2 protein chains.
Amino acid sequence: MKRPTIKDIAAAAGVSKGAVSLALNGRSGVSESTRSRVLGVASSLGYRPSVTARALSSASADAVGLVLVRPPRALGDEAFFFQLIAGMQSEMSCALLLQVVSSREEEIELYQRWWAEHRVDGVFLVDLLVSDPRIELMPSLGLPAVVVGGAGHHGELASVWADDYAAMTSVVEHLKALGHRRIARVAGLASLLHTVRRDSAFASSVVDGVVVAGDYTAESGARATRELLGMAEPPTAIVYDNDVMAVAGAEVAAELGVAVPSELSIVAWDDSVLCQHGRLTALSRDTFAFGARAARALVAVIGGASPTDVEDVLPELVVRGSSGPAPVG
Amino acid sequence: MKRPTIKDIAAAAGVSKGAVSLALNGRSGVSESTRSRVLGVASSLGYRPSVTARALSSASADAVGLVLVRPPRALGDEAFFFQLIAGMQSEMSCALLLQVVSSREEEIELYQRWWAEHRVDGVFLVDLLVSDPRIELMPSLGLPAVVVGGAGHHGELASVWADDYAAMTSVVEHLKALGHRRIARVAGLASLLHTVRRDSAFASSVVDGVVVAGDYTAESGARATRELLGMAEPPTAIVYDNDVMAVAGAEVAAELGVAVPSELSIVAWDDSVLCQHGRLTALSRDTFAFGARAARALVAVIGGASPTDVEDVLPELVVRGSSGPAPVG
DNA sequence: AGCCGGAGATAAACCGGTTTAGCTAGGGTC
DNA sequence: GACCCTAGCTAAACCGGTTTATCTCCGGCT
């Protein structure tokens, strides 16, 4: 009942272990006749190579890694990551080694361990920090990596990204065209690189724009919205850094009797079922395709391709019911 | 720059490889003085055992597996699975090996391979089928497994579950108490065990209940709803098998000018941000906690505990704006 | 004194592959 | 015929651990 090993095949085919290895991997050193005989025996025995054993002698681990640094409880609501993961899977034939940790130190430790133990062939890097130690680390380890969602070029690493700067500008232009002047922004975590990009794009296209920090949870979105709407001169439009906060914001507006979109326009970053149903104007990114593209890039890098930057298509603003002309006066 | 191996420690401490192994694993066979010396050397060298190598000689693989059989594209919208995964992670110190495949055959093949190669220490089984081959397979392989979300006892396997039958009954009772008589149901995949459970609970508490099949996607929810509302005597209440279909159904109702809840009551299975915001009455399960419980159970089974059934708390019906008294007449 | 037992350590086999060094036989060259 | 080269294969080392068999030394018992 035990699964056959390379030794069993060697015995059955009457050759040595080494010859079997060469034959199975399509390498030279064995004759065609021997090769086909070995392949025949292998398939008739239902042989499957052990990735574990193979990884031990420095070959493929048949898995790629992804570490998420988030409080697990909040993570479950973020459709973004699951969409991303689903997209990655669609383009990979190997498994994804996933772990959620609570600190950046653990994350780095984990990447090092996984690589040292050949548990992964490469990794995805998400949630890039402003000055991210991982960017230096990966090349020094020799660990194939792809930066997902960073903005632009990152050291020697391949990267798949969307232009957050241009996207934010397009959102603001949309709102300005509708007559909005007092535009606010509920940002994501300040330590993340894309938050900074969006901040700077926002700052340079909006005069006197108010920015309130959030952390992607519904609670923070609600709190920020309450703060903004309670101001002496409340904004007439708010741009949120993710869908969960935007939806929470819309609810707070409804609670306070602020009509959307006639009194307040709302725009969400990251489209999702949530926005579709909430009829929220959203910046749609096709996260699934984004994940698929990241996976293709990683597969290429693992295969030895020289790292390239793949810019994803510019996110598209899907205008729904939550954004409209600014109130007069 | 290479990470230290057990051999390096042996050399540095002046003992044999075997002694180091014994010392590090807290097993008898070495003196206390030797043990502490070895531990000292190990920590000063920053030693980390290689899981890969360890797995090769039949020990822990430091990972558990989860295979999902779904079209990847649809998967991304199902918050349920991501909540579940997040919950699992919160209770596990090891990594999760995740792969999405497109057929049951591949799934089984994958489980066998992972186990044969010691890539995982145990697996979660989700989406249980009516007569599921995996239930026989796991014990015969000796692969520790926990059934997640099946209903009740499954052969020799440990299982974490919620009582779908009782839950469905409570939903129907809620609707009946509101005066509803023509109650319909938009079911999930007919091949899944919990669909059958809910079907039978539904059938036995509703007279002449109409059931339309869906597949958890928004499209199928919309289609089913259109079909139901187009009937000669349309139902006054619809119970959906997940949140995505329920939300889609609510939208179709709005489109057709059917008022919710005055003309039509809607109840969703699986609460989520989506339901919260859509103000849908939903059967809330705390999927995160469910995943955490499943992880605890799997850890216990891997640790050698005898498999037990853990019944999850009965899902709670959260009544929001989408369900109300049946229209008179 | 002689025997037994156990603690403490080591060497070596093993897990399932890959890889390298080395051996053999056959063909070509001068 | 002596020499060299190469294709084709084998044996063995190696990856980094675990586990088993074995060996030594020391103390206690009769």
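Below, chain A is the first sequence line, B the second, and so on; all start at residue 1. No experiment lies behind these values; they were computed from the predicted model shown.
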Quiz prompt | side-chain hydrogen bond (donor to acceptor under 3.5 Å, both in side chains) against A:S31, all qualifying residues, sequence neighbours excluded | solution = A:S33, A:T34

Exercise. Between protein and nucleotides 4-11 of chain C, map the contacts as a letter string: B base, S sugar-phosphate only, - none, heavy atoms under 4.0 Å, written 5' to 3'.
Key: ----BBB-

Self-check item: Pairs where residues 289-301 of chain A contributes a residue and the test salt bridge (charged side-chain N to carboxylate O under 4.0 Å, His left out) is met, not counting sequence neighbours
Solution: A:E91-A:R296, A:R293-A:D312

Self-check item: Qualifying residues under side-chain hydrogen bond (donor to acceptor under 3.5 Å, both in side chains), relative to B:R285, sequence neighbours excluded
Solution: B:D270

Quiz prompt | salt bridge (charged side-chain N to carboxylate O under 4.0 Å, His left out): pairs with one or both residues in residues 13-32 of chain A, sequence neighbours excluded | solution = A:E32-A:R35

Practice problem: On DNA chain D, reading 5' to 3', which nucleotide is the first and which the last to sit with an atom under 4.0 Å from a heavy atom of chain B, could you check? | Solution: D:dC15 to D:dT19

Exercise. Tell me, please, which residues at least two apart from B:Y216 pass ring-ring contact (aromatic ring centres under 6.0 Å, His included).
Key: none

Quiz item: How would you list, by chain and number, every residue that makes a ring-ring contact (aromatic ring centres under 6.0 Å, His included) with A:F124, sequence neighbours excluded?
Solution: none

Exercise. Kindly write out the residues that satisfy side-chain hydrogen bond (donor to acceptor under 3.5 Å, both in side chains) with B:R113, not counting sequence neighbours, or none if the list is empty.
Key: A:D62

Quiz item: How about B:L84 and B:L66: do any of their side-chain heavy atoms sit closer than 4.5 Å?
Solution: no

Practice problem: Take the C1' atoms of the five end pairs on each side of the helix from C:dA1-D:dT30 to C:dC30-D:dG1, get both axes, and report the angle to 10 degrees. | Solution: 60°

Quiz item: Please, which pairs that meet ring-ring contact (aromatic ring centres under 6.0 Å, His included) have at least one residue in residues 7-63 of chain B, sequence neighbours excluded?
Solution: none

Quiz item: Looking for any heavy atom pair under 4.0 Å, which part of the strands does B:T5 touch: base, sugar-phosphate only, or nothing?
Solution: sugar-phosphate

Exercise. For B:D132, check side-chain hydrogen bond (donor to acceptor under 3.5 Å, both in side chains) against everything at least two apart and list the hits.
Key: B:R134

